[in-house]
Amino acid sequence: MTDLSCDLGFMKLANPVIAASGTFGYGIEMEPFLNLEALGAYIVKGLYLRPRPGNPPPRLAETPAGLINSIGLQGVGVEAFVASVLPRLRKYRTPLIVNVCGETEEEYAAVIEFLDKEDGIAAYELNISCPNIKKNGLCPALSPEATFKVVSSARKVSRRPVITKLSPNVTDIVTIALAAEEAGSDAVSLVNTFLAMVVDVDSRRPVLRNIFGGLSGPAIKPIALRMVFQVSRRLKIPVIGCGGIMTGRDALEFILAGARAVEVGTANLVDPQATLRIIKEIEEYCHSRGIERVSELIGSLILD
Amino acid sequence: MTDLSCDLGFMKLANPVIAASGTFGYGIEMEPFLNLEALGAYIVKGLYLRPRPGNPPPRLAETPAGLINSIGLQGVGVEAFVASVLPRLRKYRTPLIVNVCGETEEEYAAVIEFLDKEDGIAAYELNISCPNIKKNGLCPALSPEATFKVVSSARKVSRRPVITKLSPNVTDIVTIALAAEEAGSDAVSLVNTFLAMVVDVDSRRPVLRNIFGGLSGPAIKPIALRMVFQVSRRLKIPVIGCGGIMTGRDALEFILAGARAVEVGTANLVDPQATLRIIKEIEEYCHSRGIERVSELIGSLILD
Amino acid sequence: MSLIERNGRVVAHEAWGEYHLLGIRAPAIAKIARPGQFLMLQVNSSGFPLLRRPISVHHCEDDRVEVFFKVVGTGTVLLAAKRPGDKIDLIGPLGKGFTIPGQPAAAPVVLVGGGRGIAPLRFLAHELKAKGHLPIIFYGGKTKQDLPLTAYLQPEGFELFLATEDGGLGFHGLITELLEREIPRLKPSRLYVCGPEGMMRRLAQLNQRWSIPAEFSLEAKMGCGFGVCYGCVWLIRHGVAAEWTRICQEGPVFPGEVIIWEAQA
Amino acid sequence: MSLIERNGRVVAHEAWGEYHLLGIRAPAIAKIARPGQFLMLQVNSSGFPLLRRPISVHHCEDDRVEVFFKVVGTGTVLLAAKRPGDKIDLIGPLGKGFTIPGQPAAAPVVLVGGGRGIAPLRFLAHELKAKGHLPIIFYGGKTKQDLPLTAYLQPEGFELFLATEDGGLGFHGLITELLEREIPRLKPSRLYVCGPEGMMRRLAQLNQRWSIPAEFSLEAKMGCGFGVCYGCVWLIRHGVAAEWTRICQEGPVFPGEVIIWEAQA
Ligand SMILES: Cc1cc2nc3c(=O)[nH]c(=O)nc-3n(C[C@H](O)[C@H](O)[C@H](O)COP(=O)(O)OP(=O)(O)OC[C@H]3O[C@@H](n4cnc5c(N)ncnc54)[C@H](O)[C@@H]3O)c2cc1C
Ligand SMILES: Cc1cc2nc3c(=O)[nH]c(=O)nc-3n(C[C@H](O)[C@H](O)[C@H](O)COP(=O)(O)OP(=O)(O)OC[C@H]3O[C@@H](n4cnc5c(N)ncnc54)[C@H](O)[C@@H]3O)c2cc1C
Ligand SMILES: Cc1cc2nc3c(=O)[nH]c(=O)nc-3n(C[C@H](O)[C@H](O)[C@H](O)COP(=O)(O)O)c2cc1C
Ligand SMILES: Cc1cc2nc3c(=O)[nH]c(=O)nc-3n(C[C@H](O)[C@H](O)[C@H](O)COP(=O)(O)O)c2cc1C
Ligand code: FES
Ligand code: FES
């Protein structure tokens, strides 16, 4: 039996596989397909203080080995979440992470203050990197200063660990990750989606009503992996890798490159049991090589 | 008969399809497979002032719908190019564009001054965006200042049009494109490759000896297209689109988004006649829709 | 309740030009599927294309579900290449189907299928009949090549109204024109509609005059099919308010009065 | 001169476990291919995987080229799924093959194939024989499952030395150990080698003692196969200097003395 446990310092997980925000609904929708107890942790859909309508459709476009979405963070808002969702999730021992969104620094803090009153939440993931809200994909994660401000104000109010989710749409992701660390973030997760678009040459229109959306899936994996490698060599806090992970081998690439845990996103849409399969494949990899603890692999990439 | 001609202002092309640098050798290697006269233009492999050994292998890794390369601009240098390659290319009427590389501002200028003495070259493409040379993919195209400096010094010495090739590994590609325009660039081409990596979980090593390489192919198309759309709405000079173009429909997406011409790269490796097929497919698209001039389509994307 | 069938097996394949009918062995799904529900089919094993494809349950018999589809792109091309014996991974049944009133009315019920939109209606027609309703099927397309299922629906004894835009079979014109003529005469107690968006819109328009209780089966590009991605929304009335609503969860079938057609691109 | 055959057709398929032999109808290529040259095969039509796969010319007969390959990943899995009648797009012949001396020597020539490395050697053996040379084939693998081509090479009357690491067939040990024993006795005038990098390195080492003129067929991941991407390099001596050299253009076959083995990862 391989020891799959994963220590994020502020939080211990049964295994390093986390369901990524926005691809796992509010968790409840996945109950027909898997036992949430089997996961390392799961992150629910991005939540703002108030309900949000989201963007008009079409919201999805498929690309080679990728998916572009412009959902626009449609969501029920924290109150409805606490009233009707959270009670149904409390029965699970698996750590629940809430993906926190905001238009302003204050809104992030307000969402956290509201949720801090409730139990049954293990940590917050600050979504400062969604490309689907402002024009041209603007978001705090594009600048170290904005990142520092949002993270430190969130960090001040929160009684729970804060994970900062970074954007790949930047020149120098290390500087931004360092800003999050400096601001007191307990961990960083990367990457969110790449700002992208597709054109329908028949209608001569953008496929997405919103013109731009966020690219995810296997197509982005090599870029996400490079960023995780760069960031994990410079930060002291844990790095959670994300981007195009479909298999256990994909997850292991991120772990070898320095990630302590991984988030699985788009794969959940293709196969609602993808996370379970990935956990199994990681275990098989370790078992067949006599690796007793998956944690031994973290950042163990051989460079010469 | 559709009019496929493409007017870049400083240069007229028979059609908008250009073979991208590094995927077409020095042109000569493609002679067994296609008549260079059929192309809009072709860009030879990046040239430095002196010969370059390039990076140690493995230099290639295949990814979902993508290819990562770390060739490291192995090349014969300008002297050998002028002595043994250029004479064999002069017989073609198709515009030959030389992809110009340099470690320093001065080297770019020196390469241009050397080549300016020769005829049979139509324009220069400044490769300020190769991620395979310096550590962490550093290159001038990552900053507006560095871009401005390299381009203006090249522009000063050159008696020929200068196209600046931009990097996608940036937070704000519009600002960098504007810097190139301000520096006197006659056009911009985008995108070059995305800094990326792959890990071999069996050997626990990076697949590429160089660790990082540049990602190209269909995987990057939606991001490249978004950047071309953003840039072409802000610049006065022509924009040449590039990134994952495999078919005529792909090329048309870039043209509708604002590109005057397109560069085809990785597709040449998969099918040495890809450029010919793409030209044919563009023509068929126009013909079947009664579009007389492909130029009518440039930037004609319908937004509402 | 939705299930994942990893070992679905193609047991039958029939083709009429671009239209295909696949029989897939998937006992657990076949047992519980209802008319109007759909499946998410993994069209390939190589990981390309990335997403599953939503396809309606066309029919159920013992341990087999049947799907009827038209080839329109990459995914349906791969699906059309499936042969008996091939494996297929599918999720279903998904979504909420058509409602079948408990009490049969004296008046008939009318089913309207445009092109591939006929897919969910054959199953529905059989269920309605079994419950004592009198289903009448309107089936339209561009040419007679678009009406391959007449080959089943006729022998199965359903009252059929056919329409083709080129007049090659049945009424010469749009299915909606034929309905305009026939509905006032048939005075159906219900309408069940599935087809191209334009056709459904037009019918919703006409029905403002008739105001017959009507249900429409909607389509959108789907990321998951089981409610987690929020990619498949239509603007739907919930009481006074209108919300972007996941058709994979609350649909794909909706009563006409709650659908806000104008909101769709 | 290389050609693109868009309409290559699979005309034969034979399989032994992970090893497969495909006959492909490609007249123009079959006419000019030489031993040691290779083809770039488009393993799929869906665009996945992206790149073609390099495979040696295993044999040529009239209008057909044959390839012999081992399934190791995505591309070879798809290739192994090809059946007679399937279409395949291929480019070839590519690269520089083995050199066949005009004047046959009295001494034999030895061909060494490790596992799938046997692929280019059958064609070579036939050509050598036709030119009056005396080819002796050393064929090694882990188990006897790795030596399927004995089924052809034996009846074709070639002198064969077999080796398996588990002793299941022929010499019990590494092919290089068998060569160590036999070469001094056979005193061949030439060596032709294709196989795993480790095996070839070891043989190059041994040959420093024997110093027999030897040619090795090298492998690298290939982006194009026709010299434009510079992805397939090995460090090769050119006189005094050493250069990263495209094996798809100047190789894949090189004389042992110019190959700098240490440079490879
Ligand atoms: C709930 C539901 C049930 C369906 N049932 C059936 C059925 O029983 N039979 C059938 O033939 N089709 C059905 N469809 C439509 C079917 O899902 C699409 O035709 C299919 O996904 C196209 O995939 P593709 O890869 O072949 O085409 P793509 O390459 O994905 O696209 C080809 C063309 O089809 C359009 N398209 C893609 N996806 C959809 C979609 N989901 N809806 C409408 N247009 C689309 C694209 O815009 C493009 O123009 C259903 C759709 C939904 C949402
Ligand atoms: C000139 C040349 C001739 C060849 N001739 C033959 C032949 O006749 N028969 C045969 O079975 N194989 C031959 N090969 C090797 C063959 O090209 C690879 O096995 C094949 O490309 C693997 O593709 P894949 O998609 O199945 O595996 P991938 O999924 O691409 O890779 C699977 C595994 O194989 C390794 N691999 C991938 N490509 C290569 C490569 N080019 N060389 C070595 N290892 C590789 C990868 O590192 C990985 O470990 C030849 C290679 C070259 C360069
Ligand atoms: C449909 C969809 C919705 C998403 N919504 C969110 C979200 O609400 N908050 C967030 O931080 N990331 C969101 N993401 C990004 C994913 O969590 C993940 O970072 C990204 O998709 C890359 O991982 P992947 O390639 O495994 O999907 C969403 C992604 C998709 C595809
Ligand atoms: C093997 C390879 C070598 C390349 N060499 C160069 C180069 O020398 N100079 C350059 O400006 N771009 C180079 N590129 C980038 C391409 O020109 C092109 O910008 C990039 O690949 C994106 O286009 P694509 O997706 O169509 O390949 C190279 C790309 C590849 C795949
Ligand atoms: S398709 Fe994902 S929510 Fe409906
Ligand atoms: S494979 Fe491209 S140069 Fe050899």
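As the structure is a prediction and not an experimental result, all values here were calculated from the model.
- The pair D:R201-D:E197 counts as a salt bridge, with a side-chain nitrogen and a carboxylate oxygen less than 4.0 angstrom apart.
- For a heavy-atom cut-off of 4.5 Å, chain B lies close to D:W244, D:R246 in residues 243-259 of chain D.
- Around the NZ atom of D:K144, the shell of radius 6.0 Å holds no more than 12 heavy atoms that belong to other residues, nucleotides or ligands.
- Within residues 66-97 of chain D, the residues having any heavy atom closer than 4.5 Å to a heavy atom of chain B are D:I91, listed by residue number.
- Scanning both residues, B:K165 and B:V191, for their nearest heavy atoms gives CE-O, 4.2 Å.
- For residues 67-93 of chain B, a heavy-atom distance under 4.5 Å to chain D picks out B:L67, B:I71, B:Q74, given by residue number.
- Nearest heavy-atom pair across B:L269 and D:C229 is CD2-CB, 3.8 Å.
- Of all the listed residues (B:R205, B:K45, B:M30), the one sharing the greatest number of non-hydrogen pairs under 4.5 Å with chain D is B:K45.
- Neither the backbone nor the side chain of B:S203 comes within less than 4.5 Å of any heavy atom in chain D.
- Contacts between D:M222 and chain B at a heavy-atom distance below 4.5 Å involve the backbone alone (N, CA, C, O).
- Closest non-hydrogen pair, B:V44 versus B:G27, comes out as CG1-N, 4.3 Å.
- Summarising the local packing, CZ of B:R50 is surrounded by 12 or fewer heavy atoms from other residues, nucleotides or ligands at distances under 6.0 Å.
- Both the backbone and the side chain of B:P272 come within contact range of chain D, each with at least one heavy atom under 4.5 Å from a heavy atom of that chain.
- With B:I163 as the partner, the side chain to side chain contact (heavy atoms under 4.5 Å, CB included) test is satisfied by one option alone out of B:L126, B:I97, B:I43, B:I18: B:I97.
- Here the closest non-hydrogen pair linking B:I220 and B:G243 is CD1-CA, 3.9 Å.
- For B:V207 against B:D200, the heavy-atom pair with the smallest separation is CG2-N, 3.7 Å.
- Ring pair D:F216/D:W261: centre-to-centre distance below 6.0 Å.
- What you find for B:Y124 and B:L115 is that their closest heavy atoms are OH-C, 3.4 Å.
- Taking the six-membered ring for Trp and thresholds of 30 and 60 degrees, D:H20 and D:H13 have ring planes inclined between 30 and 60 degrees apart.
- For the residue pair B:E125 and B:S189, a side-chain donor N or O sits within less than 3.5 Å of a side-chain acceptor on the partner.
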Would you mind writing out the side-chain donor-acceptor pairs for residues 22-35 of chain D within the sub-3.5 Å range, not counting sequence neighbours?
| from | atom 1 | to | atom 2 | distance (Å) |
| --- | --- | --- | --- | --- |
| D:R25 | NE | D:D63 | OD2 | 3.2 |
| D:R34 | NH1 | D:E127 | OE1 | 3.2 |
| D:R34 | NH2 | D:E127 | OE1 | 3.3 |

Does the salt bridge (Lys or Arg N to Asp or Glu O under 4.0 Å) test come out yes or no for B:R52 and B:E103, once each step is laid out? CA-CA 12 Å; B:R52 267 178 86 92; B:E103 296 272 354; 2.8 Å; yes
